[in-house]
Amino acid sequence: MKWALIGASDIASTRVIPALRLAGQEVLGVMSSNAERAEHYAASHDLLGHSDQLDELLSWPIDAVYISTTNELHASQAIAAAASGKHILCEKPLSIDLAQGAQMVAQAKAHGVVLGTNHHIRASGVHEKIREIVGGGELGDIYLARVNHAVGLSERLRGWRLSGEAQGAGVVWDIVVHNVDTLRADLRSDVVEVTALSATGELARSGIEDLTNCTFRFANGVIATTCESYLVPFSRTSLEIHGSLGSLVAMDVMRQDPIGDITITNATGRHDVVVDDRENLYVKTIRRFEQACYGIGEPFSTGADGLAAATCATGVLISARERRTVALSELTSA
Ligand code: NDP
């Protein structure tokens with residue numbers, strides 16, 4: 001397929017342009033809000049087209065757009081792309097405004113285009129294996145899950161994430177959404193309520209969450225906790241799932257690369273699980289998205305999945321700020 005990039009971003013440079021090319025896609029050009037930056041970005045990534053106008057980009061002979069602007073822009077850009085008949089792979093969070101997120105999903109449906117959310121983690125072979133194990137009943141009845149996704153924020157990403165309130169700064173919009181998306185996929189259930197604590201550590205501007213600990217109740221009864229941070233560079237990410245017949249511990253699995261290991265402990269002892277699929281998460285995401293554009297299946301994470309994760313993030317923010325448990329039905333019926 002032919003693509004254009006909305007947003008001259010770091011993630012497009014470092015991960016998505018290479019992945020698009022590895023997946024056999026053609027990247028025609030890029031849009032930035034700044035014409036000079038668009039031209040420079042296009043030249044440095046070997047792209048023919050560049051523009052500072054969304055309308056112009058949408059008039060190019062493209063099938064799909066990849067949106068990786070700052071979070072507050074995703075909705076309006078996706079809605080314009082849908083109206084011009086382009087399929088949309090949008091970065092997470094799908095939208096920091098739930099009404100606009102719902103509009104994105106509705107407009108994609110109305111215009112018959114595919115909307116996917118780039119929650120790349122659920123595309124990992126390790127998580128596909130976890131879903132196979134959970135779905136196969138090997139762990140018995142699942143009661144508890146726990147995600148550690150506390151990291152150190154790279155120097156090069158210490159811009160709007162730490163100070164841009166209007167852009168959806170902080171770990172909730174950045175990391176909680178990934179954790180919730182992965183848990184929803186791996187546990188095959190939706191979140192019904194959330195209780196969260198948050199803090200501003202040493203990096204972010206006052207009032208912007210860069211430390212969170214969240215507890216989610218899922219519709220199937222599982223209670224899951226997640227922790228997120230920008231402040232701990234030496235932490236190993238992990239996912240644990242505990243059931244009546246076994247406990248699964250997966251280390252280094254909330255990552256951008258296809259790494260990580262799974263161990264299961266049950267009545268017969270402790271066993272390492274073999275994971276054969278170590279393919280690039282972004283390439284898999286793009287390939288699955290392309291198939292969906294051809295009418296085969298759905299993206300790994302759909303627009304509705306992105307909206308569900310954004311709804312949980314909103315619940316986390318309200319819970320932490322108002323110090324109360326938030327039922328997600330409060331947000332979806334609003
Ligand atoms: P960047 O800060 O690199 O890019 C966001 C926007 O900032 C760009 O669209 C660009 O605006 C502007 N910008 C970037 N660099 C400069 C610069 N040097 N000078 C001026 N403006 C600049 O953000 P990220 O790539 O980190 O994140 C973009 C989106 O991708 C976010 O929604 C984020 O949540 C998501 N993301 C997803 C990841 C994943 O693995 N799924 C990982 C990282 C981010 P313009 O286009 O107008 O030039």
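When a residue number appears, it is its place in the shown sequence, counting from 1. Note that the coordinates shown come from a computational prediction; the quantities given were computed from them, not determined experimentally. Each ligand, and each atom within it, is numbered from 1 in the order the structure gives.
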Rounded distance [0.5 Å steps], [atom1] in [X] versus [atom2] in [Y]:
| X | Y | atom1 | atom2 | answer |
| --- | --- | --- | --- | --- |
| Thr314 | Leu98 | OG1 | CG | 3.5 Å |
| Arg205 | Leu203 | CZ | CG | 14.0 Å |
| Asp257 | His120 | CG | NE2 | 8.5 Å |

Worksheet item: Among Gln256, Arg15, Arg287, which one satisfies side chain to side chain donor-acceptor pair (under 3.5 Å) with Tyr282?
Response: Gln256
Discussion item. For residues Ile11 and Val176: do they belong to one hydrophobic cluster (side chain heavy atoms under 4.5 Å, members Ile, Leu, Val, Met, Phe, Trp, Tyr)?
Written reply: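 No; tracing contacts between hydrophobic side chains, which count when under 4.5 Å, never links both residues.
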Worksheet item: Leu20 versus Trp3: any side-chain heavy-atom pair under 4.5 Å?
Response: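 When only atoms from C-beta onward are counted, Trp3 and Leu20 do touch, with a gap below 4.5 Å.
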Just the distances, no angles: every ligand 1 N or O to protein N or O pair closer than 3.5 Å, one line each.
from	atom 1	to	atom 2	distance (Å)
ligand 1	2 (O)	Trp160	NE1	2.9
ligand 1	3 (O)	Asp10	N	2.7
ligand 1	13 (N)	Arg37	NH2	3.3
ligand 1	15 (N)	Arg37	NH2	3.0
ligand 1	25 (O)	Asp10	N	3.2
ligand 1	25 (O)	Ile11	N	2.8
ligand 1	26 (O)	Arg161	NH1	2.9
ligand 1	26 (O)	Arg161	NH2	2.9
ligand 1	32 (O)	Thr69	O	3.3
ligand 1	32 (O)	Asn71	OD1	2.6
ligand 1	32 (O)	His74	NE2	3.1
ligand 1	32 (O)	Lys92	O	3.3
ligand 1	34 (O)	Asn71	OD1	3.4
ligand 1	34 (O)	Lys92	O	2.8
ligand 1	34 (O)	Lys92	NZ	3.0
ligand 1	40 (O)	His120	ND1	3.2
ligand 1	40 (O)	Gln256	NE2	3.4
ligand 1	40 (O)	Tyr282	OH	2.6
ligand 1	41 (N)	Glu91	OE1	3.0
ligand 1	41 (N)	Asn118	O	3.1
ligand 1	41 (N)	His120	ND1	3.3
ligand 1	46 (O)	Ala8	N	2.8
ligand 1	47 (O)	Ser33	N	2.7
ligand 1	47 (O)	Ser33	OG	2.6
ligand 1	48 (O)	Ser32	OG	2.5
ligand 1	48 (O)	Arg37	NE	2.9

